[in-house]
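Numbered from 1 within each chain, the chains take letters A, B, ... in sequence-line order.
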Protein chains: 2
Amino acid sequence: MSRSRAGKGRGTGRATLEEVARLAGVSTMTASRALSRPQLVSDATRAKVERAVLELGYVPNRAAQALASRQSHVIAVLVPSLSNAVFTAVLDGIQDAVEASHYQLLIGNTHYSDAEEEKLLRTYLQSDPDGILLPGLSHSPEVASMLETLRVPVVAMMDLAETPSMLSVGFSQLDAGMALTRHLLGKGYRRIAFVGAQLDERTLRRADGWRQAMTEAGLFDQRLEIMTPAPSTVALGAALMRRVLAELPDADAVFFCNDDLAHGAIFHCQRAGIPVPGRIAVAGFNDLPASSLMLPSLTTVDTPRYQVGYQAASLLLDLIAGKAPAARRIDLGFTLREREST
Amino acid sequence: MSRSRAGKGRGTGRATLEEVARLAGVSTMTASRALSRPQLVSDATRAKVERAVLELGYVPNRAAQALASRQSHVIAVLVPSLSNAVFTAVLDGIQDAVEASHYQLLIGNTHYSDAEEEKLLRTYLQSDPDGILLPGLSHSPEVASMLETLRVPVVAMMDLAETPSMLSVGFSQLDAGMALTRHLLGKGYRRIAFVGAQLDERTLRRADGWRQAMTEAGLFDQRLEIMTPAPSTVALGAALMRRVLAELPDADAVFFCNDDLAHGAIFHCQRAGIPVPGRIAVAGFNDLPASSLMLPSLTTVDTPRYQVGYQAASLLLDLIAGKAPAARRIDLGFTLREREST
DNA sequence: CTGAAAGCGCTTACAG
DNA sequence: CTGAAAGCGCTTACAG
């Protein structure tokens with residue numbers, strides 16, 4: 001009997017499991033079992049405990065559970081952005097997949113910064129997560145070594161790993177970039193510019209795809225490449241379209257690395273009275289909700305971001321549960337949406 | 001000496017504070033102090049502890065900290081949606097405000113559902129949060145009573161409380177709805193429709209504002225109100241615009257409760273060759289990034305959502321720290337953006 | 001400036 | 001099916 005003031009949890013003023021047990025007339029550990037693995041106790045006991053829980057409004061203390069069980073039931077999730085609709089969809093998928101489980105999500109926004117990613121990971125490690133979900137395959141050396149020494153499963157999202165040493169769920173950004181470029185080539189466009197912003201690894205892989213397809217067609221020209229590290233926004237898209245028209249007057253098509261840029265480009269053309277695709281074709285990436293509705297509707301690549309989140313979280317949950325994963329690399333593919341803008 | 005296997009924390013395989021202390025040649029509690037309140041220990045001791053921390057790669061265990069200190073350092077944040085750019089901006093503001101502190105965010109998406117809100121709150125209560133941030137003022141009776149019995153500060157975001165019993169940071173949705181409607185009236189529009197989707201409390205308050213302004217002008221007509229609980233999307237906006245044109249042929253302006261709806265409406269008009277505002281004016285709410293760029297540019301209300309998040313989190317942090325709040329109700333205002341669409 | 005001891009609220013082999 | 005005891009990894013008055 002070590003408790004000093006019986007009858008009241010003193011930390012938070014909330015009922016403790018000990019009080020539940022006392023009220024139910026059982027031991028603390030039986031009360032614990034009645035709640036965590038009810039099939040291990042008799043019906044009568046379970047009923048008594050449940051009644052006591054209700055009466056006291058008992059809420060288990062997660063910190064104590066985590067400490068005692070050495071299981072945090074926490075999954076750390078890192079995304080590069082929340083303003084990018086792609087990653088909010090990924091989060092939706094993760095949340096839905098985790099919904100039924102008792103896992104709690106720790107969601108961090110890295111703002112596309114290696115330094116912030118490292119800082120967040122370091123912070124989340126304090127919570128001793130049972131698993132980690134993060135975007136992409138390339139990380140700073142610090143982050144890479146933290147992930148290696150960790151003993152918990154890590155699943156990379158959005159692109160596919162080259163080596164099976166890393167678990168990944170996504171689709172080939174390279175193939176998608178090639179597919180869109182080939183579509184443009186097939187339509188007869190020859191001077192196809194690539195416009196990239198943010199320059200995260202996904203954008204760079206899409207650029208690789210464009211480069212490869214252009215090279216295959218014997219049409220690659222370094223000058224057709226416009227890259228800026230500025231965040232991808234609709235306004236930037238309008239500005240970059242202006243730049244394409246001014247600096248690359250013979251360009252007959254533009255592959256924007258993201259739909260929001262392409263939206264801005266189309267708005268600029270609407271306003272300037274430049275016919276799309278008559279004067280110049282425009283294509284984007286990700287198929288955001290407005291893309292199919294604007295005038296002209298936007299040719300783009302539909303990406304399975306919700307599914308990426310859902311499947312990545314499901315895979316992680318399996319790994320945490322000790323199940324062998326069906327695959328270490330889940331390719332969810334992509335869909336080319338050919339529309340009016342090309 | 002109760003530890004069975006000295007030299008290794010056995011739970012997670014990670015170094016413990018005890019090992020740090022041993023390596024540094026001090027007591028556990030001195031090691032603890034050296035890390036949490038370094039000014040309380042001598043320089044020499046601090047240096048020894050810091051060296052040991054580095055050598056062992058010590059990461060404090062948050063669960064143990066929370067349990068021992070009865071302070072979770074957790075803030076629970078509830079938002080109704082992540083697909084709505086308004087709330088991702090709110091989250092950005094919250095994250096920035098909390099950045100420097102040691103507080104950790106537990107972010108939950110209620111999907112505009114009272115039931116999910118209650119479930120999330122119940123789950124987050126297990127983590128014994130030091131404070132809570134949530135959208136809006138109206139909640140289910142269950143949630144309201146949970147919030148009341150809680151002993152932690154709660155700050156409501158996005159709208160302003162009528163009574164000072166509740167802390168709130170936002171702006172008057174009612175006033176904003178009135179201001180936009182009056183702008184339309186001032187422009188000479190008379191048959192101004194209101195189109196609301198999702199029907200969350202903010203939309204309903206904006207509708208109240210429209211109703212009030214129309215009544216004042218002697219122009220209120222119930223039939224001008226189109227309300228649907230369906231989620232607000234660009235596609236829905238296009239469909240609702242079609243409906244307005246068909247069902248309310250004499251409407252000369254439409255106030256959409258959200259910019260995404262208004263975007264869809266404008267896309268529909270572009271495609272159908274309907275002049276905006278020539279045939280009908282269109283206004284939105286929130287000033288999303290595309291609004292100033294599309295053709296015509298969209299008249300709307302610019303809302304301080306990032307600031308709402310930032311200020312709400314700052315206020316909460318003050319309250320947690322025991323400081324008396326400068327105000328229990330922070331009005332951040334709104335800005336009417338008059339553009340081409342009206 | 002530093003330490004011994006108790007305790008936060010749970011869970012987990014181990015018995016019976 | 002149920003319980004006594006130890007322990008998870010920290011922090012906190014209280015001494016000195």
Study note, to complete from the structure: Whole-Å distance, A:R62 CZ to D:dC8 C1', equals 17 Å
Practice item. Using a 4.0 Å cut-off on protein heavy atoms (strictly under), produce a 5'-to-3' string for nucleotides 11-16 of chain C with B for base contact, S for backbone-only sugar-phosphate contact, and - for none. Key: BBB---
Review point. Is there a donor-acceptor contact under 3.5 Å from the side chain of B:T30 to the main chain of B:V26?
Key: no
Revision key, fill the gap. For DNA chain C, the dot-bracket notation using Watson-Crick and G-U wobble pairs below 3.5 Å, [ ] for pseudoknot-type crossings and | for other-strand pairs, is |||.||||||||.|||
**Study point:** From CG (A:L106) to CG (B:L106), nearest 0.5 Å
**Key:** 6.5 Å
Exercise for review: Could you tell me the separation between the CG atom of A:L67 and the C1' atom of D:dA6, rounded to a whole number of Å?
Suggested key: 13 Å
Side-chain donor-acceptor contacts of residues 87-100 of chain B below 3.5 Å, not counting sequence neighbours, with atom names and distances?
unit_1: B:T88; atom_1: OG1; unit_2: B:A85; atom_2: O; d: 2.9
unit_1: B:D92; atom_1: OD1; unit_2: A:N109; atom_2: ND2; d: 3.4
unit_1: B:D96; atom_1: OD2; unit_2: B:Y306; atom_2: OH; d: 2.5
unit_1: B:E99; atom_1: OE2; unit_2: A:K119; atom_2: NZ; d: 2.6

Review point. Want to settle it: does A:A63 or B:T30 sit nearer the 5' end of DNA chain C, counting the closest nucleotide to each?
Key: B:T30
Exercise for review: Look at B:R14 together with A:D128 and state whether they make a salt bridge at an N to O cut-off of under 4.0 Å.
Suggested key: yes
Study note, to complete from the structure: Rounded to whole Å, the CG-P distance (B:L56 to D:dC10) equals 12 Å
Exercise for review: Give the intermediate values and the outcome of side-chain hydrogen bond (donor to acceptor under 3.5 Å, both in side chains) for residues A:T45 and A:S42.
Suggested key: CA-CA 5 Å; A:T45 301; A:S42 71; 2.8 Å; yes
Review point. A:L35 has an atom CG; how far is it from atom P of D:dC1, in whole Å?
Key: 16 Å
Check your understanding: Of all the nucleotides listed (C:dT2, D:dC1, D:dA4), which has the minimum atom distance to the side chain of B:T45?
Key -> C:dT2
Review point. When the distance from CG of B:N61 to C1' of D:dC10 is rounded to whole Å, what number comes out?
Key: 7 Å
Review point. For the atom pair CG (B:L167) and CE (B:M157), what is the distance rounded to the nearest 0.5 Å?
Key: 13.0 Å
Check your understanding: Does B:T16 put a side-chain nitrogen or oxygen below 4.0 Å from OP1 or OP2 of D:dC8?
Key -> no
Practice item. Salt-bridge test for B:E50 and B:R46: reply yes if a basic N is under 4.0 Å from a carboxylate O, no otherwise. Key: no
Practice item. Starting at atom CZ of A:R46, determine the distance to atom C1' of D:dC1, rounded to an integer number of angstrom. Key: 12 Å
**Study point:** Test: B:R22 and B:E18 ion pair at under 4.0 Å
**Key:** yes
Practice item. Starting from the C-alpha separation in whole Å, work towards a yes-or-no answer on side-chain hydrogen bond (donor to acceptor under 3.5 Å, both in side chains) for A:Q104 and A:H73. Key: CA-CA 6 Å; A:Q104 197 159 72; A:H73 285 282; over 6 Å; no
